[in-house]
Amino acid sequence: MSSRKFKAVFFDIGGVVVQSPLLAIREYENEHNIPNNYINCLITGWGSQGAWQKFERGEIPLFAFYEQFSQELSDVDKGNKCHGIILHKRRCDFIRVTACPELPQRLHIDGRELFGRMMRTGQKLDKYVYEAILRIRAANYWRVIALTNNYSKVDATFSTSDSKPDTWNDIPVGIVPPHVRQLFDDFVDSSEVGMRKPEHRFYIFACERNHVQPHEVIFLDDLGLNLKTAQELGMETIHVPIGGAVTALRTLGDKLGINLTEGSETEAGMLSKL
């Protein structure tokens, strides 16, 4: 029996429908001996006016983003402070120095290189989630909505003085190919509407555009900060950790009253390149 409590399912894209770009950040950190989660702490720490946040709202052009992103990620004073706050929240024992990672004294992070890696990583589709979306659509009851922090189509034309090619400039619209967008009844894109997660107004906008109330929505995301806002608005939330899609989809299926995983669990997830 399908659940009539909910009228829509909102899916994050990067980290849920496609492979998380956070994997590329983790790889970059490992290669450059940067503490785990350091870069993500920095990106978050710059707040709403950070390069990443402005780029996802479509407020800054590509090459200006590269420059600001590189500067922000190379700021060790800011980075060490942001990373220290996270460690403190996780009750890292600062008295025992060995309990905490050694923080960098200087950094030069190429934001352009890192962003290219993230775009490439975000092209791999999770087969489990793809199949689940098709099953939800086939039930013809719930609206299936993408709620994503994305990047607008950018002009990758290089000046004559710029001989450094981008490694992702064949990707036409952010990290999401057009045929993935077509999986959804509506695709609510941060770069198109000038709002982003975890801003409350972004979620409210998506609900109003799709004629649903927050309490009628189930929202799946890989980031706790984004889920927290959804919970505050009254949405039902499901966390999708890296490698945890099947478990999350079982939970979603239970809430909707349909089976979203039977027959697909023997397939390898995250293997199909779009």
Practice prompt. Would you confirm whether the ring centroid of Tyr203 sits within less than 6.0 angstrom of the ring centroid of Phe10?
Written response: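 No: the rings miss the under 6.0 Å criterion.
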
Short side-chain to backbone donor-acceptor contact, [X] and [Y], under 3.5 Å:
X	Y	result
Ser20	Gly15	no
Thr261	Arg250	no
His83	Asn36	yes
Glu72	Gly50	no
Asn80	Pro104	yes
Trp142	Phe6	yes
His239	Asp222	yes

Return the minimal non-hydrogen interatomic distance between [X] and [Y], and the atom names on each side.
X	Y	result
Val16	Asp12	CB-O, 3.3 Å
His108	Tyr28	O-OH, 4.3 Å
Ser48	Gln53	O-CB, 3.5 Å
Asn40	Glu29	N-OE2, 4.3 Å
Phe11	Val9	CE1-CG1, 3.4 Å
Gln182	Arg137	O-NH1, 4.0 Å

In Å, rounded to the nearest 0.5 Å, how long is the span from [atom1] of [X] to [atom2] of [Y]?
X	Y	atom1	atom2	answer
Met195	His200	CE	NE2	14.0 Å
Asp126	Gln19	CG	CD	9.0 Å
Asp189	Glu56	CG	CD	9.5 Å
Thr247	Ile238	OG1	CD1	11.0 Å
Arg143	Ile136	CZ	CD1	13.5 Å
Ile109	Leu114	CD1	CG	7.0 Å

A side-chain contact here means heavy atoms from C-beta on lying under 4.5 Å apart; do [X] and [Y] qualify?
X	Y	value
Leu249	Val129	yes
Arg209	Ile145	no
Trp52	Asn149	no
Glu199	Thr229	no
Ile25	Met118	yes
Lys197	Phe219	yes
Phe69	Ile43	yes
Tyr38	Val76	yes

Atom [atom1] of residue position [X] - does it have more than 12 heavy atoms of other residues, nucleotides or ligands inside 6.0 Å?
X	atom1	value
Gln105	CD	no
Asn30	CG	yes
Lys7	NZ	no

Worksheet item: side-chain contact (heavy atoms from CB on, under 4.5 Å) between Thr148 and Val188: does it pass, once the steps are laid out?
Response: CA-CA 6 Å; Thr148 181; Val188 187; over 6 Å; no

Item to complete: Could you go through the side-chain contact (heavy atoms from CB on, under 4.5 Å) check for Ile13 and Asn150 one step at a time?
Response: CA-CA 9 Å; Ile13 299 297; Asn150 194 31; over 6 Å; no

Are [Y] and [X] connected into the same hydrophobic cluster when the rule is that any two of I, L, V, M, F, W, Y join if their side-chain heavy atoms are below 4.5 Å apart?
X	Y	answer
Leu23	Val240	no
Val193	Ile60	no
Val17	Ile242	no
Val144	Val212	no
Leu220	Val217	no

How are the rings of [X] and [Y] set to each other: parallel, tilted or perpendicular (split at 30° and 60°)?
X	Y	value
Phe63	Tyr66	perpendicular
Phe187	Phe184	perpendicular
Phe55	Tyr151	parallel

Discussion item. Checking Gln231 against Thr237: is there a side-chain donor and acceptor pair closer than 3.5 Å?
Written reply: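 Yes.
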
Fill in: Test log, rule side-chain contact (heavy atoms from CB on, under 4.5 Å), inputs Leu73 and Ile39
CA-CA 7 Å; Leu73 294 186; Ile39 292 176; 4.0 Å; yes

Worksheet item: How far apart are the C-alpha atoms of Leu22 and Leu223, what are their side-chain angles, what is the distance that settles it, and do they pass the side-chain contact (heavy atoms from CB on, under 4.5 Å) test?
Response: CA-CA 10 Å; Leu22 294 178; Leu223 299 181; 3.7 Å; yes

Worksheet item: Which is it for Glu131 and Lys127 under the salt bridge (charged side-chain N to carboxylate O under 4.0 Å, His left out) test, yes or no, and what are the steps along the way?
Response: CA-CA 6 Å; Glu131 176 64 26; Lys127 287 186 177 181; over 6 Å; no

Item to complete: Would you mind checking if Arg120 and Glu27 are paired as a salt bridge, meaning a charged N to carboxylate O distance below 4.0 Å?
Response: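 Not counted as a salt bridge, because no side-chain N and carboxylate O are separated by less than 4.0 Å.
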
